[in-house]
> 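Structure below; questions to follow.
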Amino acid sequence: MADKLCWLGHAFFEIETSAGQNILIDPFWEDNPAAGSRPDHGDIILITHDHFDHCDNLAEFLAADGIIVGQPEVLNKIRAGSGESLQEENFVLAGSGMNIGGTVNVKDVDITMVQAFHSSDAGSPAGYIIQTPEGKTFYHAGDTGIFGGMDVLGDIYDIDIAMLPIGSVFTMDPKQAAHAVKLLQPETAVPMHYGTFEVLVQSADEFCRLVARKMQDVEVMAIEPGETIEC
Ligand SMILES: [Zn+2]
């Protein structure tokens with residue numbers, strides 16, 4: 001059995017681990033013009049920041065004993081906005097949250113929060129390193145511009161799959177994202193946060209071309225929303 005990664009459109013991904021945990025990252029379903037197939041549920045839901053296109057429909061997707069992971073300020077805002085539907089026990093460490101540099105083990109998955117350069121109404125933006133029981137390491141960059149510390153992340157973590165925004169305007173464009181691949185040195189790069197809205201870069205073609213030129217040994221998998229790859 002292998003871990004599976006499904007792109008659900010925009011920055012929304014589902015990792016189904018070989019041990020059976022369903023991890024959702026940055027849910028954006030109802031108003032997502034690029035939504036893929038509908039995920040069943042999340043045992044763990046990771047939130048990179050609190051913009052509408054990254055934390056939508058949380059209560060709807062959360063499993064009965066599911067845990068939402070994010071920064072304390074972001075979790076407080078989500079809880080306050082949920083009416084009574086989300087309680088302390090629905091959040092990591094009973095709502096205490098976590099922060100950049102820290103690792104928590106949730107349902108046998110090691111989750112490390114790392115920096116991202118963007119904005120967030122509450123807290124600050126983040127990315128995640130996710131290490132599954134299978135031994136695979138995923139990196140979800142969140143919304144971010146390129147930053148020099150990506151090479152440090154690449155040195156510390158042996159990244160198998162990096163999910164990187166390439167859509168420009170709000171995040172890295174294909175040129176920055178291709179250089180990010182060089183810094184991170186993952187086995188596989190999966191582009192995201194493009195094509196969803198008219199203002200964003202509409203295809204992954206340039207990103208694929210640039211990575212092929214700079215980093216021949218990295219495989220780019222520009223999958224379609226709803227498509228799953230085995231990792
Ligand atoms: Zn975004």
Side-chain angles (χ1 to χ4, degrees), residues 5-15 23-39 42 44-61 68-71 73-78 81-82 97 99-100 111 113-130 138-147 149-150 153 161-181 184 189-204 206-207 222-227:
L5 179 73
C6 181
W7 188 32
L8 298 158
H10 206 52
F12 189 9
F13 283 86
E14 176 178 25
I15 299 168
I23 306 163
L24 301 181
I25 311 162
D26 282 0
F28 179 36
W29 179 254
E30 215 130 290
D31 300 318
N32 180 356
S37 49
R38 190 187 187 291
I44 307 169
I45 301 183
L46 308 182
I47 306 297
T48 63
H49 64 297
D50 65 6
H51 290 165
F52 76 99
D53 55 332
H54 295 262
C55 55
D56 200 16
N57 311 98
L58 290 179
E60 190 185 321
F61 289 129
I68 299 170
V69 176
Q71 287 180 340
E73 298 84 357
V74 172
L75 300 186
N76 284 342
K77 183 183 167 187
I78 289 168
S82 79
N99 224 312
I100 292 167
I111 297 158
M113 186 182 280
V114 297
Q115 66 187 318
F117 284 83
H118 190 65
S119 64
S120 183
D121 291 336
S124 55
Y128 288 99
I129 299 279
I130 303 145
F138 296 83
Y139 169 54
H140 187 292
D143 278 6
T144 189
I146 193 170
F147 55 91
M150 282 179 172
L153 297 180
I161 297 196
M163 293 158 258
L164 302 172
I166 68 159
S168 192
V169 184
F170 306 109
T171 70
M172 298 192 284
D173 61 7
K175 203 176 212 174
Q176 286 194 9
H179 195 79
V181 170
L184 292 159
V190 177
M192 64 165 175
H193 214 279
Y194 70 97
T196 322
F197 307 112
E198 252 174 58
V199 69
L200 299 179
V201 167
Q202 292 297 302
S203 97
E206 191 192 355
F207 175 68
I223 52 180
E224 296 294 322
E227 195 176 338

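As the structure lists them, so they are numbered: ligands from 1, and atoms in each ligand from 1. Residues: numbered from 1 along the sequence shown.
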> Rounded to 10°, how many degrees is the angle NE2/His54-the Zn ion (ligand 1)-NE2/His193?
110°

> If you check every N/O/S atom of Asp143, which is the one nearest the Zn ion (ligand 1)?
OD2

> Relative to the ring of Phe61, is the ring of Trp29 parallel (under 30°), tilted (30 to 60°) or perpendicular (over 60°)?
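If you compare the ring of Trp29 with that of Phe61, the planes turn out perpendicular.
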
> Quick one about Asp143 and His51 (side-chain donor to acceptor, distance below 3.5 Å, no hydrogens or angles considered), yes or no?
no

> Write the atom name of the N, O or S atom in Asp53 that is nearest the Zn ion (ligand 1).
OD2

> Angle class for the Trp7/Tyr194 ring planes (parallel below 30°, perpendicular above 60°, tilted otherwise)?
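Trp7 vs Tyr194 ring planes: parallel.
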
> With distance as the sole criterion, is a donor-acceptor pair present between the side chains of Asp53 and His10 under 3.5 Å?
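Distance-only check passes for Asp53 and His10.
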
